[in-house]
Amino acid sequence: MGLLKDWRDHAYGLDERTPEGQAFWKAYFEVEKGIYEKLLTNPEQRVEGTIPELAAYYGTDIETMTGFLDGIDESLKVPNDLEEATEDTKMVIQIDTEKLYMNMVQCNAQWLYELPQWDAIYSKEKREELYKKEKSSHTVIKPPKIGRNDPCPCGSGKKYKKCCGANV
């Protein structure tokens, strides 16, 4: 069985409404925050190693490190192949700061996108711009409804009801 499957089975098999599930996720988010604080201190750094080596470097266990790698994968310059990862597989963590910030916003992880380390990476204005860009990227804007008596958008000069709207 792969490390990623083990992580997902355990983590997502817990009911977050139970004391056990709440304790698990609280502990995980604390470790995750610590890793991000370290990563964002030197955002250009390329960190590589096996999952056990990375876990030791960041002061956590293999399962938690696997979960962290799963969560950050879309924010890396080059994603890792976690599906096939074993304890001997080399992983690379080299973050794309813009993707990472926007993914944190998308997940509503305020405790992460408000870390003080972001101040040295992006100005407040740039962070606000990225925040708005991410939030608006999921907004569906409906085109204005064409009234029956409005001019037809095809440019024929006829009323919509007598032209393209007649087929509707």
Side-chain angles (χ1 to χ4, degrees), residues 1-140:
M1 196 171 338
L3 294 174
L4 185 61
K5 183 176 180 343
D6 291 347
W7 156 256
R8 287 179 176 168
D9 287 350
H10 180 224
Y12 301 119
L14 291 170
D15 184 344
E16 60 191 44
R17 296 170 295 185
T18 65
E20 180 189 15
Q22 290 171 355
F24 173 84
W25 285 110
K26 182 179 180 197
Y28 172 80
F29 290 138
E30 281 302 311
V31 170
E32 178 187 49
K33 182 179 174 188
I35 296 173
Y36 278 122
E37 288 170 337
K38 197 169 184 179
L39 276 172
L40 293 172
T41 301
N42 187 2
E44 296 304 315
Q45 180 183 15
R46 177 185 164 103
V47 182
E48 42 185 305
T50 62
I51 295 175
E53 290 168 346
L54 293 171
Y57 179 74
Y58 289 110
T60 190
D61 59 78
I62 294 170
E63 180 185 56
T64 303
M65 192 69 225
T66 303
F68 178 81
L69 290 168
D70 186 27
I72 198 174
D73 206 48
E74 291 180 8
S75 303
L76 299 176
K77 290 183 178 178
V78 178
N80 292 298
D81 182 11
L82 288 167
E83 295 291 336
E84 302 298 322
T86 66
E87 288 192 16
D88 298 326
T89 308
K90 286 277 186 196
M91 298 281 133
V92 176
I93 301 174
Q94 189 170 22
I95 58 175
D96 178 323
T97 54
E98 197 167 298
K99 277 188 199 174
L100 179 61
Y101 188 83
M102 291 176 68
N103 284 337
M104 288 175 172
V105 170
Q106 181 184 9
C107 294
N108 295 319
Q110 187 174 1
W111 69 96
L112 296 176
Y113 67 76
E114 289 186 352
L115 286 171
Q117 288 81 358
W118 284 110
D119 295 341
I121 300 169
Y122 293 124
S123 67
K124 183 178 183 202
E125 293 77 20
K126 178 67 174 177
R127 291 192 311 271
E128 286 173 0
E129 176 190 321
L130 291 172
Y131 182 91
K132 287 177 184 172
K133 182 178 176 183
E134 173 53 39
K135 288 298 185 180
S136 68
S137 70
H138 304 289
T139 304
V140 176

So do the side chains of Thr89 and Ile51 get within less than 4.5 Å of each other, counting heavy atoms only?
-> no
If a pair satisfies salt bridge (charged side-chain N to carboxylate O under 4.0 Å, His left out) and one of its residues is in residues 80-94, list it, with sequence neighbours excluded.
-> Arg8-Glu83, Glu53-Lys90
Tyr122 and Thr97: side chain donor to acceptor below 3.5 Å | yes
Which distance, rounded to the nearest 0.5 Å, do you find between the CD of Glu129 and the NZ of Lys133?
-> 7.5 Å
Residue pairs passing the salt bridge (charged side-chain N to carboxylate O under 4.0 Å, His left out) test with at least one member in residues 100-118, sequence neighbours excluded, are none
To the nearest 0.5 Å, tell me how far Leu100 CG sits from Ile95 CD1.
-> 5.5 Å
What's the spacing between Leu4 CG and Asn80 CG if we round to 0.5 Å?
-> 11.0 Å
Would you check, one step at a time, whether the test side-chain contact (heavy atoms from CB on, under 4.5 Å) holds for Asp6 with Thr66?
-> CA-CA 9 Å; Asp6 291 347; Thr66 303; over 6 Å; no
Could you tell me which residues satisfy side-chain contact (heavy atoms from CB on, under 4.5 Å) with Phe24, sequence neighbours excluded, listed by chain and number?
-> Trp7, His10, Ala11, Leu14, Glu63
Report yes if the side chains of Gln106 and Met102 come closer than 4.5 Å at any heavy-atom pair, otherwise no.
-> no
To the nearest 0.5 Å, tell me how far Asp96 CG sits from Glu74 CD.
-> 12.0 Å
What's the spacing between Leu82 CG and Asp73 CG if we round to 0.5 Å?
-> 4.5 Å
Does atom CD of Gln94 have more than 12 heavy-atom neighbours from other groups under 6.0 Å away?
-> yes
Taking only Lys NZ, Arg NE, NH1 and NH2, and the carboxylate oxygens of Asp or Glu, determine whether Lys33 and Glu30 approach each other closer than 4.0 Å.
-> no
Does the side chain of Val47 come within less than 4.5 Å of Tyr57's, by heavy atoms?
-> yes
Would you call Val105 and Leu130 a side-chain contact if the rule is heavy atoms closer than 4.5 Å?
-> no
Criterion side-chain contact (heavy atoms from CB on, under 4.5 Å) on Phe68 and Tyr28, from CA distance to verdict = CA-CA 9 Å; Phe68 178 81; Tyr28 172 80; 4.0 Å; yes
Would you say the side chain of Ile35 lies within less than 4.5 Å of the side chain of Leu39, judging by non-hydrogen atoms?
-> yes
Here the pair of heavy atoms bringing Lys99 nearest to Ser75 is O-OG, 3.9 Å
Listed once per pair and sorted, the salt bridge (charged side-chain N to carboxylate O under 4.0 Å, His left out) pairs that draw on residues 13-26, sequence neighbours left out = Asp15-Arg17
Nearest-0.5 Å distance, CD1 of residue Ile72 to CE of residue Met91 = 13.0 Å
SB check Arg127 Glu98 (cutoff 4.0 Å) | no
Criterion side-chain contact (heavy atoms from CB on, under 4.5 Å) on Glu32 and Trp111, from CA distance to verdict | CA-CA 10 Å; Glu32 178 187 49; Trp111 69 96; 4.0 Å; yes
Flag yes if more than 12 heavy atoms outside Lys132 fall under 6.0 Å of its NZ atom; otherwise flag no.
-> no
Trp118 vs Tyr113, ring-ring contact (aromatic ring centres under 6.0 Å, His included): CA-CA, chis, key distance, verdict = CA-CA 7 Å; Trp118 284 110; Tyr113 67 76; 9.1 Å; no
Listed once per pair and sorted, the side-chain hydrogen bond (donor to acceptor under 3.5 Å, both in side chains) pairs that draw on residues 34-46, sequence neighbours left out = Arg46-Glu48
Any side-chain heavy atom of Ile93 sitting closer than 4.5 Å to one from Leu69?
-> yes
Mind checking salt bridge (Lys or Arg N to Asp or Glu O under 4.0 Å) for Asp61 and listing every partner two or more places apart, or none if nothing turns up?
-> none
